[in-house]
Structures are given as C-alpha cells and as structure tokens.
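Predicted model only: the values in this text are computed from it and were never measured.
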Amino acid sequence: MSPAPVIIAIDGRSGAGKTTLAVELAARLRAHHRVSLFHLEDIYPGWNGLAAGIERYVSTVLAPLSRGEAASWVCWDWEKHYDGESRVTLPAEIVIVEGVGAAAAEARPLLNAVIWAEAPDDVRRTRALDRDGETYEPFWDQWAAQEEAWLAADNVPGVADIRVRNPADGSAPADVLQVLPYLPALAPALAPELSARRGLRLRAERLDARPDAPGLFRSLYSRSANAVWLDSSNAGALPEQDGGEAAAAQRSRFSIMADDAGTFGQSVTHRSGQSLMSAGCATATVQGAFFRWLDTVWGLPAVESPEGYPGGFTLGWLGCLGYELKRETGGTDVPSPTPDAALIFAGRAVVLDHAEGSAWLLALDAPDADDWLDRARAAVENAGPAAQAGGSTGVVLPAAPEFRSRDTRAEYLAKIAAAQHHIAEGNSYEVCLTTALSADIPADALDPWTTYLALRRRNPAPFASYLRFGSLTVASTSPERFLKIAADGGMRAEPIKGTRRRGADAKEDAKLRTDLATALKDRAENIMIVDLLRNDLSHFAVPGSVTVSRLCAIESYATVHQMVSTIDAQLKPGSPRAEAVAACFPAGSMTGAPKISTMAILDSLEGGPRGVYSGAIGYFSLNGATDLAVAIRTLVTSTRGDGTAELTLGVGGAITADSDPEDEYEEIRTKAFGVLSTLGADFPHT
C-alpha cells in the first residue's frame, strides 16, 4: 500500500473545460511528481446516471485511492449502454479526479482540494458538443437538468478552494498552478513548485530619463483593473527640515508603478481571516490569518538586486493593509466594508529614481518579458519630461460632495472627554481618537485618477500613492513612514505626532512652525509614540541596536507643519519578517500608548471601522525588503453596483491628559482641509 496521496478534484458543469484543464495540469505537475488521473465520464452509468455515477466513483475509486490503495472499478460502455470492462487506477503522489460531481458532498471528506471550473452557457455547450459530437446533443438538456438538480442541493462552487473562469485560450492550467501551492493542504506536497518561486531571475534596464510620472502611469496602466503607483510626489520640493535633509531626501527618492498583468501577476484581498488569491482566470480561497499568509509568500530573498540598482524594491507585492488587521496583533475583530488587505504581485514594474534622473525597468524572466520591456521603454521615451509643479489643485464637479461625519462636533468633544477619563484612570497615556467623513455621489461624477492628480499637486508628499483594485480606489498624500525593513535587515520607523497648519504669510507661517517646535504637549505626544515604537521594534531587533537618531524634528509640507522622529534598529538574523511587521502593526502613531489596551478603548469610542485609514501602504519586495507608509491624508472611493460611489476620509488626533478639546477638534479640521478643499467640499457643519 502506498502513502495516502494528495487528491485534487476538478468539478464543474459540462463543457466548462474540466478535462483539458485536468490533463494539462497533470502534465505540468509531472515535472516533479507522480500523478494519477481519473475521469468520471468513464464511470457514469448512462445519460441519466449522474447521481449513480457519483456514488460509484466515491465508493469504488475515491475511497481506496484516499487510503493509498489501487482502485478497481467498472467502466461504462457508452456504445452498448451497459457496464463494460474492469479497470484499475493506481494511487500516486498526486491524484487528479475530474468530472461533474468530482467534488460532491460525499466525496469532499476524502479530498485535499476542490477546483470549480466555470464558463458561459454558450461556451460550455459549444465545447461539449465539439468534443462529443452528435452523440451528446440529444441528451444535453437531460444531463443539464441533472446537474441543476444536484447543484441545487450541493453548493460545490460555494465551497471550492479554487474557482476558474475557464477561457478557451489555454491560460487556465498556468493560472491554477500559480495559486494551487497557496492552499495549506497542498503546500507540503507542492514544495518544488513553491521553491521554484525563489531563485527567479530579475532582468533590469536603466534609462536616463525623467519622464512625466502621471503620463507614464496613464500610458502603461490606464486599462489595468488593478494597479499601484507609490508616488514620491514631493521629489524636487523637499520639506524644510530641522537637520533631517538626508532622511527626507531618501524618503522621496523613488517612485514605483506596476500592475498585476503578465506571467507572474497575481492579486490578493483579505477579509476577516480569509484571503482570495487571484492569478489570471483562477481564484483561490485560503483560510487563515493574513500575516501568517504573508510569511509564506514574503521574507526569504528570492532575487538579487541588479548591478548598480540603488532601489530597495526588486518586484513583489504592493498595496495596502487596513487598520482592522489589528485583530491579529492584539486588537479586537471589527468587520470593515473595505478589504483588510489588498495587494498585487508585480512581476514587472517601473521604478523612477528622482535623485539620479533615471527610470529602471524591472521584469522577472518570462516568455512575455521582452515584449513588456519594449512597451515600457517606449512608454518612458514617449512620456515627455517631468512636468513642473502646476496645474489645477482642485477637482471640478457638477456639485461639491456633501460630507457627513460619523460624529457631530458635540459627540467628538464628548469622546475626547471620555478618552481623557481613561487616561486619568490609568488605562492609557495617549489615545489617538479618529472619526470618519463620508459622502455619496454618482459614480460618474468623480474620476478617482484626476482627483488624485489634484491631491498630489495640492499636497506633495514622500509617501503619496494611488491604488486601484477594481471598484476600490485609494488616493493618499501621506507624509509618514510606518516601517521600513531593508534587505540587509536595517529597520526604521518615522512617526509623526504634532501638526500645525501653514500660515497665510511668511511671518504667520514661521510663528506656527515655532509654536509646534516649542509645544510641550506635542513633544510629549511624540516622545510617547517613540517609546512605543522602540518597544515594537525591539521584539525582533538585535539587542542594543534600537536607537533614536532624530527626536521631535519639524518638517513643513504644502499644507501642514509636522513633528517627526526617527527610530532605527537591526533585525535579528533569521527572524520572520512578516512577524516583525505584525509586531509593529498598526502604527503606534495611530493608536496611542500602550497599544493593545488603547486599541480596546478606541473600539469602544469610535463606533465603526477605520478601513484603509490608519493602516499601511507600500511594498513587500522579493529581496526581503519592505517600505510602508501610514495611511493618512487618504481618500478612499468605493464604487457600488447601483451606479453610486462612497467617498471616505479618516481624520483624527492624539488625546492626552493636557489636550484642549477645542484645539483637538480644530486639528481634525486642519487635517481634513487638504482633501476636502481639493474636492471643493466643506467640513461638515454639525
């Protein structure tokens, strides 16, 4: 008797392309495994035999194979319409069973993975009749009725691990093989396929060019359903500093743009303990914590940096992590209408080096790499030179959005008082209280792309970003780094605590800047978060490596002055990088201190999820590096199926025992001003 095999069922209605998918998937898996293949069409007892065929398949084929035993079964003679010869299916390391009913309820306890193939009705009928010809046509409706009756009582598509929108272009097997190893039940067996993702060859090309970044992104990715632009929009216009010019220049040096197309392209969205992994036409459902999943796909170096390439990003995952992932890091579970994480895997990307005036084209070696490099090179050359700052800083809309606030002024002031009560009781030292502004508009009334361009002109920022994930768009002008881990393990956090608006003239502006620099309350807020982050970093840092290289420095941006500190550390060799990120998540500057108890206080006060706001935006690179910004100054647009869209803007501030409630309320109005004024909107008068 052989060891119990891994059994994969490929199910779906007739004509969905199951047989071709199974044969081609088996051929690819045979590069590293012994694979056995069974077709249910060989065992159905006639055109009215779906239910009986499923019963035969489970008892005579699947049961012995699942025990590692050979399966002896009787085939059906379709020409003579009765039982035919006896056959034997041998067990193997991997067994693929395909056909209508392969993943029926009585079969599923014996299966390791279920793949559901689907295609439009007209495509299915054409496929089935092309394959089986006139013999099937008289029985199409009879067989289809059996399928409908069976599926009405057994929701196989709803429990499938992978769903495949199976086009007739031959792409399905490769797409399925992209996501199949992510299933926990298959990961040990598919270790060779997983290891093949490490040791990839990275191709790179440097172009001496300063292309217009918006034009380049539009040229390459305007038609991409999922695309990311990590945009150092203040490059060339660095903020005024208190001795931090070098740090600010480094934060603003690179911009990255990519989508999830091409051979290696993938995407993932995570909600409440479930990840949906998509590659081309295949989507896998993976249960489990997000940071545990992240640990399986990121952290171990898979590529070497190209010679002469100065950037930290060498392709990989890009996107956003929502605040509600705190459920995995000591916080409670609060459901959010937006994904808890949304990432794309970019197997090719453009990186702009604003310091050197160059554009780097990066692509994993693949059959389509040459074509993409040609297109990207032409796009860079045709984008024209980088435009000088200018253009409209507002969006022209048929009518300004009317924002509503989760909290009225009185309610927010009451929550400040409640936060100060918790501080007085010793439950927290600092509570970063937030609220949300939202507005409903016709979906065609606002273009998220032109809105982002206006936002970046009004408020250039080192961690600006534009993310598009289907119906979800994120437009951020964040100035704050959450966490950076370099390929060599160097870690850095740069929290912001303390904000003042920019003045109407130079004298007023200087006064406001000095006021922030000398404000004891703001300095106390900042130092509390510095201490919190020193602790967060220390969990995975080399002992003695945690240092504060800059404390309470002032940086001035287009609409605000900010107080910024810098904490550095060195990651312990061999430490799991995803866990190091989780140890710091969410950003302490958006929770308060101590973090876990304060997050519980915030859940009781805020009355709703934060979503993308207060989470993180950035990348997880194939060389083990990550660079994440805090998702603040961030407008989220969610397009609904009814032709409307919701705009959401989170705002907040740190509450301490010395906070003046009126000043704190004015601070959230200041923080909202940059985004609201771009839209021609006002802060809600409540």
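Ring planes of Trp76 and Trp78: perpendicular class, angle over 60° (limits at 30 and 60°). Between Trp298 and Phe620, the ring planes are perpendicular. Angles over 60° get that label, and only those under 30° would be called parallel. The aromatic rings of Tyr57 and Phe38 sit parallel, their planes meeting at an angle under 30°, below the 60° perpendicular limit. Classification of the Tyr309-Phe254 ring pair by plane angle, with boundaries at 30° and 60°, yields tilted.
In plain terms, the two heavy atoms of Ala117 and Asn166 that are nearest each other are CB-ND2, 4.4 Å.
Partners of Asp627 under the salt bridge (charged side-chain N to carboxylate O under 4.0 Å, His left out) rule, at least two apart in sequence or in another chain, are Arg481. Evaluation of the side chain to side chain donor-acceptor pair (under 3.5 Å) rule for Asp333 yields Arg327 as partners, not counting sequence neighbours. For Asp161, there are no side chain to side chain donor-acceptor pair (under 3.5 Å) partners two or more places apart in sequence or in a different chain. Applying the side chain to side chain donor-acceptor pair (under 3.5 Å) criterion to Arg30, with sequence neighbours excluded, gives no partner residue. Here Glu147 pairs with Ser14, Trp143 under the side chain to side chain donor-acceptor pair (under 3.5 Å) rule; sequence neighbours left out.
Salt-bridge formation is not detected for the pair Asp42/Arg56: no Lys NZ or Arg NE/NH1/NH2 atom is positioned less than 4.0 Å from an Asp or Glu carboxylate oxygen. With salt bridges taken as basic N to acidic carboxylate O contacts below 4.0 Å, none links Arg468 and Asp259. Taking a cutoff of 4.0 Å between a charged side-chain nitrogen and a carboxylate oxygen, Glu148 and Arg13 qualify as a salt bridge. For Asp295 and Arg292, the salt-bridge test fails: no basic side-chain N is under 4.0 Å from an acidic carboxylate O. Using a cut-off of 4.0 Å between Lys/Arg side-chain N and Asp/Glu carboxylate O, Arg163 and Glu118 are scored as salt-bridged.
A side-chain contact (heavy atoms from CB on, under 4.5 Å) with Cys320 holds for exactly one of Thr338, Leu343, Ile617; it is Ile617. For the side-chain contact (heavy atoms from CB on, under 4.5 Å) with Val228, the lone residue among Phe217, Phe469, Tyr221 that qualifies is Phe469.
Shown here is Glu55, whose CD atom has no more than 12 heavy atoms of other residues, nucleotides or ligands within 6.0 Å.
The six-membered or imidazole ring of Tyr466 lies away from that of Trp229, with a centre-to-centre distance of 6.0 Å or more.
Pairs passing the ring-ring contact (aromatic ring centres under 6.0 Å, His included) check and including a residue from residues 332-351, sequence neighbours excluded, read Trp317-Phe345.
Interatomic distance, CZ of Arg203 versus CZ of Arg201, reported as 6.0 Å (0.5 Å rounding).
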Item to check | Worked check of side chain to side chain donor-acceptor pair (under 3.5 Å) between Glu98 and Thr19 | outcome: CA-CA 7 Å; Glu98 71 83 18; Thr19 302; 3.1 Å; yes
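Looking at Leu207 and Leu361, their side chains come closer than 4.5 Å, going by heavy atoms from C-beta outward.
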